[in-house]
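Numbering starts at 1 and runs along the sequence shown.
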Amino acid sequence: MADRGAVGRFAPSPTGRLHLGSLLAAVASRCQALHRGGRWLVRMEDLDPPREVPGAADDILRTLEGFGLHWDGEVVFQSQRHGAYREALDELSSGGQAYPCGCSRKDWLGQPHYPGTCRSGLALGMAARMQRHRLSGRRREWTDVYRGHLAYETAQLGDFPLLRADGHWAYQLAVVVDDRMQGVTEVIRGGDLLDSTPLQLDLWAALNEGRGVQPTPQYGHLPILQTLSGQKLSKQTLARPVDVAEAASLIDLVWGLLGQQRTDEWRSAIVGATPSEIMGLAVDLWDESVVPTEPVQLQGWGQDSPP
């Protein structure tokens, strides 16, 4: 059923070239939004300069176009939105939902998460190193598009950074601020980000208190693509970049990994159609009910990182 209010997004980080796991997320998020008659946005999450690769952002955008993954509107670059993140942090701080923290990771080594040492204020002589979100302690739950009902107790999670010790904005703050700004209604991404969702829901609720209520997006978490030993395809596992020259076959590979049916029309398109035409057909044929959730191990797409 068409829903012209649907807004999906794909938000890569320019830390290297687009690999198969990123392509899977791009294809799924675009199909999910456009199948409902909505829009698909691209946002470049370029807030971690030490990890960024020069030219990677342009390369990712050219690769998306080469695969027929055309986006709506202009690409948003997080590196141009520092003022928005500062404004959000100031609001959270004034509402008591953010606080300065002077701890380093070694201060809570061996514990499952940050224990809240600075929640009641900095110890005498301790200087602030970062800003953290004060989790509400409430239960955060949602109906995942692919995994069904999920729930987390935020009291069992750790207060997380909003502004990092190195002076860079933290992922959790930036992604929620930008999803709100762009009117994103559905977040389709890899299962490796599943644990981020209750944190983002809690932060979303905190921002709703100061900025007016805005409905949270639907979340859907895709299967994680892994090396044969079970490590996620990533820069660390030397994930092989996708090649536009192989666009048709790689879209077909991703289509199968997403559990989609290879109809006769699909098989014909893979042989003779352009990537844009194939992706147009993918939007028409998309079936969210068959998307798997278990990790998939692939040979030849990455190498295991050293222990």
(request) Begin from the C-alpha positions of Gln172 and Ser196 and carry the test side-chain contact (heavy atoms from CB on, under 4.5 Å) through to its verdict. (result) CA-CA 8 Å; Gln172 308 292 7; Ser196 287; 3.1 Å; yes
(request) Go through the steps to decide whether Gln32 and Trp286 satisfy the test side chain to side chain donor-acceptor pair (under 3.5 Å), and finish with yes or no. (result) CA-CA 7 Å; Gln32 187 77 30; Trp286 179 250; 2.9 Å; yes
(message) Run the salt bridge (Lys or Arg N to Asp or Glu O under 4.0 Å) test on Glu45 and Arg43 for me, step by step, so that the C-alpha distance in whole Å, both residues' side-chain angles and the decisive distance to 0.1 Å come before the verdict.
(response) CA-CA 6 Å; Glu45 298 193 338; Arg43 181 170 72 227; 3.4 Å; yes
(message) Between Leu201 and Trp142, does the side-chain contact (heavy atoms from CB on, under 4.5 Å) criterion hold? Intermediate values first, please.
(response) CA-CA 9 Å; Leu201 288 173; Trp142 73 97; 3.6 Å; yes
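No side-chain donor-acceptor contact under 3.5 Å links Gln236 and Gln231. Defined by atom type and a distance below 3.5 Å, a donor-acceptor pair is missing between the side-chain atoms of Thr185 and Gln218. Side-chain contact of His70 with Ser276: a donor-acceptor pair under 3.5 Å is present, judged by distance alone. For Trp204 and Asp179, the side-chain atoms include no donor-acceptor pair closer than 3.5 Å. Side chain to side chain, Thr197 and His221 meet the donor-acceptor criterion of an N or O pair below 3.5 Å.
Using a 4.5 Å heavy-atom cutoff, the side chains of Leu203 and Leu92 are in contact. Asp107 is not listed as a side-chain neighbour of Thr117, based on a closest heavy-atom distance of 4.5 Å or more. Counting heavy atoms from C-beta outward, Glu288 and Val145 have side chains that approach closer than 4.5 Å. No side-chain heavy atom of Val76 sits under 4.5 Å from any side-chain heavy atom of Met44. Residues Gln131 and Arg164 have side chains not in contact (no heavy-atom distance under 4.5 Å, counting atoms from C-beta outward). A heavy-atom distance below 4.5 Å is not found between the side chains of Leu47 and His168. Using a 4.5 Å heavy-atom cutoff, the side chains of Gln299 and Thr227 are not in contact.
Thr63 places a side-chain N or O within donor-acceptor distance of the main-chain N or O of Asp59, the cut-off being under 3.5 Å.
Residue Leu41 comes nearest to Trp71 through the heavy atom pair C-CB, 4.5 Å, listed as atom of the first residue, atom of the second, then distance.
Partner of Tyr152 under the side-chain contact (heavy atoms from CB on, under 4.5 Å) criterion, out of Asp202, Leu199, Leu194: Leu194 alone. Tested against Gln78, the residues Asp178, Asp48, Val177 include a single side-chain contact (heavy atoms from CB on, under 4.5 Å) partner, Asp178.
Seen from the ring of Phe10, Arg30 does not count as a face-on cation partner, given the 6.0 Å and 45° thresholds.
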